[in-house]
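Down below is the structure, laid out as structure tokens.
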Amino acid sequence: MKAAMLIQRWYRRYRASHEAQRAYTWTIFQKMEYANEQDHLKLQNFFNDLMSNKQLLASLGGDNTLMAAMNTVRRRSQDLKSAKDMVPELDLLKATEYEAITVPLSYTGFRLEKPYRQNALEQLIDSVKGKHRIHVRYVLEILHEARNVLKTMPNIRHASTSLSKKITVVGDLHGKLDDLLIIFYKAGLPDTTNPFIFNGDIVDRGFFSVEIILILLMALITNPNAVFINRGNHEDHVMNLRYGFIKEISNKYRQLESKKIRRLIADVFGWLPVATIIDHKVFVVHGGISDATDLKLIQTLKRAKFTSVLNPPLELDDIQLLEHHEEPAPEPTGKVTDSQAFLKVPEMDSAEATFEWKQIVDLLWSDPSPNEGCSPNTFRGGGMYFGPDVSRAFLKANNLQYIIRSHECKQEGYEITHDGRVVTIFSASNYYEIGSNRGAICRLTAPDLHPHFVQFISTRGHKRLTMKQTTTTMEEKAIKHLNEQFFAHKADLLEAFEVYDPANTGQYIPNALSRNGMKQYCPVYCHATLNLT
């Protein structure tokens with residue numbers, strides 16, 4: 001008996017030590033991810049400041065090449081608010097037309113034929129499993145048909161379980177095809193008796209974003225009343241440029257083909273609804289809410305003009321300046337401001353337009369917080385932190401029971417916070433590294449709609465690794481990434497160390513350095529060490 005208790009005590013300590021290692025590693029990975037997002041938003045703020053500086057733009061009036069490039073960048077997400085509204089639409093349809101594209105007889109992959117039926121979805125999945133590249137004609141056809149379906153849908157869709165008696169919510173997939181296939185294996189394919197909500201962040205980071213988005217859009221075309229696709233913060237062409245989706249398209253298709261796909265898919269992302277409400281009880285959104293979230297206002301927004309929430313529509317005066325190179329009147333504030341870690345509020349044509357933009361940003365970028373109130377999400381650089389009181393007030397005002405959101409990787413694939421009022425679901429397993437986290441889906445059954453979670457790990461090799469091997473592998477990868485951060489900030493770190501250690505003793509206190517400005521040199525280092533010590 002005594003021996004058994006000793007063995008049990010040893011094993012518990014052994015498990016606890018590995019769980020502690022795993023938690024430390026997880027902290028490093030998560031802080032690095034958020035630091036990358038902050039860097040991206042800082043760069044975006046800089047370019048937005050540059051593009052909105054009227055004096056600078058006027059001084060560049062003679063440089064036609066630069067002005068043409070800047071004009072092209074800004075037109076990606078602009079609403080001209082004039083009779084010219086139809087011109088971009090007609091131009092898009094003409095530039096991405098697919099019917100004239102011929103498919104060679106030698107092509108053995110997926111072929112799409114009208115009318116679109118459920119077996120088309122099954123054939124597409126089989127073709128993707130067989131590693132066949134989908135022909136550009138069918139890629140464009142799926143995107144066009146999905147765009148036509150999405151244009152008929154409201155900003156906030158309503159899902160019902162009156163027929164199916166159940167519904168499945170899928171979180172972030174991030175281009176991980178194996179996870180999607182496991183989800184379909186466990187929960188079945190979408191149809192009228194088996195509805196699905198895909199809660200954003202479908203693309204980027206993984207290697208199969210093209211295949212996944214085509215499968216989900218094909219499911220939407222064949223079952224428009226049973227498939228709900230919410231927009232995430234990565235359904236944004238500016239994010240796609242940095243996090244891999246644009247590069248993936250360019251690698252899989254030739255230059256002219258990829259250009260058409262990129263242009264059309266950016267527009268399709270703009271037409272994705274921003275939220276779904278299940279049975280008037282459960283609010284499903286990618287990021288979260290804020291104390292200013294107004295569902296009635298969100299329903300009235302023209303969501304398609306926000307092709308990118310990081311690159312929102314310009315003021316009309318700025319658009320005319322870019323087009324005509326007219327010199328504006330001098331302004332005392334006409335200089336480029338310093339970029340900040342938090343996504344900057346753009347200069348739009350009215351306070352109302354700015355408020356509308358913020359509504360979308362909060363839905364796509366916000367995270368729950370254990371603290372009361374609402375504050376800027378400085379960790380990510382965009383959206384808000386919303387506390388239990390904000391969740392409670394939002395649910396009461398809209399007569400809802402709870403919120404399902406995604407946007408954050410969780411070790412077990414899900415998390416319940418705010419006294420059960422906020423559920424986070426994340427469906428990309430092994431997100432940071434093999435064994436770093438499980439994926440999960442959330443199944444809701446009528447009439448109570450209580451959440452039930454199904455967990456999974458997609459990598460077969462993970463089953464053959466022991467707990468120690470998994471932890472060690474994760475830890476080595478985390479340290480490697482952390483060392484890269486040290487190297488990138490080496491000069492600044494050494495300069496900071498000399499201030500606090502002029503005698504070069506090699507001794508310092510991380511907490512003290514962090515409190516005294518160390519964060520400006522290496523945020524990842526400070527966040528990690530503060531959580532590990």
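Just so you know, these numbers use all the heavy atoms, side chains as well, and skip hydrogens, waters and symmetry mates.
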Kindly give the heavy-atom pair with the smallest separation between Ile289 and Ser391, and that separation in Å. CD1-CA, 4.1 Å
Donor-acceptor contact present, side-chain Asn437 to main-chain Ala428, <3.5 Å: yes
Calculate, to the nearest 0.5 Å, the distance between atoms CD1 and CD1 belonging to Ile278 and Ile404 respectively. 5.0 Å
Is the ring centre of Tyr414 less than 6.0 Å from the ring centre of Phe426? no
In Å and rounded to the nearest 0.5 Å, what is the CH2 to CD1 distance from Trp365 to Ile360? 14.0 Å
So which heavy atom on Pro154 is nearest to which on Gln299, and how close? CB-OE1, 3.7 Å
Is there a side-chain contact between Leu216 and Leu180, using heavy atoms and a 4.5 Å cut-off? yes
Quick check, are the ring centers of Phe394 and Phe283 under 6.0 angstrom apart? yes
Looking at Lys281, I'd like to know if its NZ atom is crowded, meaning that more than 12 non-hydrogen atoms belonging to other residues, nucleotides or ligands lie closer than 6.0 Å. yes
More than 12 heavy atoms of other residues, nucleotides or ligands under 6.0 Å from NE2 of His158: is that the case? yes
Give the intermediate values and the outcome of side-chain hydrogen bond (donor to acceptor under 3.5 Å, both in side chains) for residues Thr293 and Asp362. CA-CA 8 Å; Thr293 299; Asp362 289 346; 5.0 Å; no
With a 3.5 Å distance limit and no angle check, can you tell me whether His452 reaches the backbone of Arg443 through a side-chain donor-acceptor pair? no
Assess the residue pair Lys176 and Asp178 against the criterion (salt bridge (Lys or Arg N to Asp or Glu O under 4.0 Å)); give the C-alpha distance rounded to whole Å, side-chain angles, the decisive distance to 0.1 Å, and a yes or no. CA-CA 6 Å; Lys176 298 179 73 65; Asp178 287 346; over 6 Å; no
What's the spacing between Ser436 OG and Asn430 CG if we round to 0.5 Å? 5.5 Å
Between CG on residue Asp179 and OG on residue Ser429, distance to nearest 0.5 Å: 3.5 Å
Per the salt bridge (Lys or Arg N to Asp or Glu O under 4.0 Å) rule, what does the pair list look like for residues 262-280, sequence neighbours excluded? Asp91-Arg263, Arg147-Asp267
Could you go through Val390 and Tyr385, starting from their C-alpha distance and side-chain angles, then the distance that decides it, and tell me whether this counts as side-chain contact (heavy atoms from CB on, under 4.5 Å)? CA-CA 10 Å; Val390 177; Tyr385 279 127; over 6 Å; no
So, are Glu356 and Lys358 salt-bridged, with charged N and O less than 4.0 Å apart? no
Kindly compute the distance separating CD (Gln359) from CG (Leu301), expressed to the nearest 0.5 Å. 7.0 Å
Are Phe207 and Leu177 packed together at the side-chain level, in the sense that at least one heavy-atom pair is separated by less than 4.5 angstrom? no
At their closest point, which heavy atom of Gln455 faces which heavy atom of Lys186, and how far apart are they? O-CE, 4.1 Å
Can Asp294 and Lys296 be counted as an ion pair, charged N to O under 4.0 angstrom? no
Of the non-hydrogen atoms in Asn233 and Met239, which two are nearest, and what is the gap between them? O-CG, 3.3 Å
Of Asp172, Thr276, Asn230, the residue whose pairing with Asn199 passes side chain to side chain donor-acceptor pair (under 3.5 Å): Asn230
Taking Ile202's backbone N and O only, do any of them form a donor-acceptor pair with Glu235's side chain (distance below 3.5 Å, no angle check)? yes
Tell me yes or no: between the side chains of Ser366 and Ser290, is some donor less than 3.5 Å from an acceptor? no
Arg242 and Lys247: CA distance, side-chain angles, deciding distance, side-chain contact (heavy atoms from CB on, under 4.5 Å) verdict: CA-CA 9 Å; Arg242 176 171 180 133; Lys247 184 177 181 180; over 6 Å; no
Passes side-chain contact (heavy atoms from CB on, under 4.5 Å), Phe453 versus Ile416? Steps please. CA-CA 11 Å; Phe453 303 100; Ile416 301 175; 3.9 Å; yes
In this structure, are over 12 heavy atoms from other groups packed under 6.0 Å from Asp448 atom CG? yes
Under a 3.5 Å threshold, yes or no: a donor from one side chain and an acceptor from the other, between His418 and Arg392? no
Interatomic distance, Leu400 atom CG to Leu395 atom CG [nearest 0.5 angstrom]: 6.0 Å
I need the minimum non-hydrogen distance between Ile249 and Val210, along with the two atoms involved. CG1-CG2, 3.8 Å
Determine whether the aromatic ring centres of residues Phe269 and His237 are separated by less than 6.0 angstrom. no
Less than 4.5 Å apart, side chain to side chain, heavy atoms only: is that true for Val422 and Tyr402? no
Do the side chain of Lys166 and the main chain of Leu449 share a donor and acceptor less than 3.5 angstrom apart? no
Is a side-chain N or O of Asn155 found less than 3.5 angstrom from the main chain of Val274, in a donor-acceptor match? no
Here the pair of heavy atoms bringing Arg231 nearest to Leu364 is O-CD2, 3.2 Å
Might you work through the side-chain hydrogen bond (donor to acceptor under 3.5 Å, both in side chains) test for Asp201 and His286, ending with a clear yes or no? CA-CA 8 Å; Asp201 277 13; His286 176 71; 3.2 Å; yes
Sub-6.0 Å ring centroid separation between Phe245 and His234: no
Quick check: do Arg157 and Ile277 have side-chain heavy atoms less than 4.5 Å from each other? no
Mind running side-chain contact (heavy atoms from CB on, under 4.5 Å) on Ile298 and Ile156 for me, showing each step along the way? CA-CA 8 Å; Ile298 291 169; Ile156 301 175; 3.9 Å; yes
Tell me which one of Ile246, Asp236, Asp204 satisfies side chain to side chain contact (heavy atoms under 4.5 Å, CB included) with Leu241. Ile246
Is a side-chain donor or acceptor of Ser427 paired with a backbone partner of Ala440 at a separation under 3.5 angstrom? yes
Taking the basic N atoms (NZ, or NE/NH1/NH2) and the acidic carboxylate oxygens, is any pair closer than 4.0 Å for Arg405 and Glu415? no
